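From a predicted model like this one, the values you see are computed outputs, not experimental measurements.
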Amino acid sequence: MMQDHDIAHALAALGHEARLGVFRLLVRAGKDGLTVGEIGTHMGLPPSTLAHHLGTLVDAGLVVQERHGRKIVNRAHYAAVRRTLAFLTDECCVGVTLTQEDAA
């Protein structure tokens with residue numbers, strides 16, 4: 001079960017234009033994922049910048065990395081994305097009642 005701080009961490013990681021672009025690219029790539037070099041080619045990011053952004057996405061649990069020899073394959077972590085979206089939407093339309101204390 002993800003906690004509020006986990007969700008905030010994931011959303012903060014996506015709150016940067018380059019990281020959002022990398023993440024969306026990995027979603028489009030699907031289960032096969034992409035190597036760091038392939039992501040760099042698509043995104044036009046310098047290797048050190050890309051490493052920083054990938055590290056942030058991995059740390060937030062949104063991207064998983066798997067080593068294959070000298071290559072590192074990156075994939076979107078779909079279960080974490082589903083949990084994040086569920087957290088944001090699972091109380092949809094349940095209603096909100098303001099008490100007198102809330103209104104003050």
Side-chain angles (χ1 to χ4, degrees):
M1 178 79 166
M2 293 182 88
Q3 302 296 320
D4 287 2
H5 61 58
D6 298 322
I7 301 298
H9 191 65
L11 293 174
L14 293 173
H16 186 281
E17 187 176 342
R19 287 191 292 271
L20 184 59
V22 168
F23 182 76
R24 293 187 72 211
L25 177 65
L26 291 173
V27 168
R28 287 192 305 273
K31 65 179 173 73
D32 292 335
L34 295 170
T35 66
V36 174
E38 291 168 333
I39 296 169
T41 299
H42 282 282
M43 299 298 298
L45 294 171
S48 62
T49 302
L50 179 56
H52 166 74
H53 290 310
L54 279 171
T56 301
L57 291 167
V58 168
D59 186 52
L62 296 170
V63 170
V64 292
Q65 294 181 320
E66 186 177 310
R67 183 172 288 279
H68 292 272
R70 296 184 334 173
K71 294 181 181 181
I72 298 175
V73 177
N74 299 269
R75 292 180 187 85
H77 190 269
Y78 294 104
V81 174
R82 284 187 205 97
R83 285 191 300 267
T84 301
L85 292 174
F87 179 88
L88 294 172
T89 60
D90 66 356
E91 293 182 16
C92 178
C93 308
V94 296
V96 175
T97 305
L98 291 178
T99 64
Q100 195 67 14
E101 295 168 357
D102 293 331

**Message:** Quick check on the hydrophobic clustering: are Val22 and Ile72 connected, directly or via other members, by side-chain heavy-atom contacts under 4.5 Å?
**Reply:** yes
dist His9:NE2 -> Asp59:CG (nearest 0.5 Å) comes out at 4.0 Å
- Task: Find out whether Asp6 and Phe87 are in side-chain contact, i.e. whether some heavy atom of one side chain is under 4.5 Å from a heavy atom of the other.
- Result: no
| query | Hey, any chance Leu26 and Leu20 share a hydrophobic cluster, counting ILVMFWY side chains that come within less than 4.5 Å of each other, even indirectly? | reply | yes
Output for pair (Arg19 CZ, Thr56 OG1), nearest 0.5 Å, gives 4.5 Å
Between Val63 and Phe23 the two heavy atoms that sit nearest each other are CG2-CD1, 4.2 Å
Between the CD atom in Gln65 and the CG atom in Asn74, the distance rounded to the nearest 0.5 Å is 4.5 Å
Under a 4.5 Å side-chain heavy-atom rule over Ile, Leu, Val, Met, Phe, Trp and Tyr, are Leu54 and Val81 clustered together? yes
State plainly whether one hydrophobic cluster holds both Val58 and Leu25, where clusters connect Ile, Leu, Val, Met, Phe, Trp and Tyr through side-chain heavy atoms under 4.5 angstrom apart.
-> yes
One should read off an interatomic distance between Leu34 CG and Thr41 OG1, to the nearest 0.5 angstrom, of 10.0 Å
- request: Test side chain to side chain contact (heavy atoms under 4.5 Å, CB included) on Arg82 and Tyr78 and set out the steps.
  value: CA-CA 6 Å; Arg82 284 187 205 97; Tyr78 294 104; 3.7 Å; yes
Of all heavy-atom pairs linking Lys31 and Arg75, the shortest is O-NE, 2.6 Å
CG (Leu14) and CG (Leu62) are apart, to the nearest 0.5 Å, by 5.0 Å
Tightest non-hydrogen contact, residues Met43 and Ala18, listed as CE-O, 4.0 Å
In terms of heavy-atom contacts, Ile7 and Thr84 come closest through CD1-CA, 3.7 Å
Heavy-atom nearest pair, Ala60 first then Ala13, reads CB-CB, 3.6 Å
Query raised in the report: Taking it one step at a time, do Arg83 and His77 satisfy side chain to side chain contact (heavy atoms under 4.5 Å, CB included)?
Result: CA-CA 10 Å; Arg83 285 191 300 267; His77 190 269; 3.9 Å; yes
d(Thr35 OG1, His68 NE2) to nearest 0.5 Å is 10.5 Å
All heavy atoms of Ala76 vs all of Val27, minimum pair found to be CB-CG2, 4.0 Å
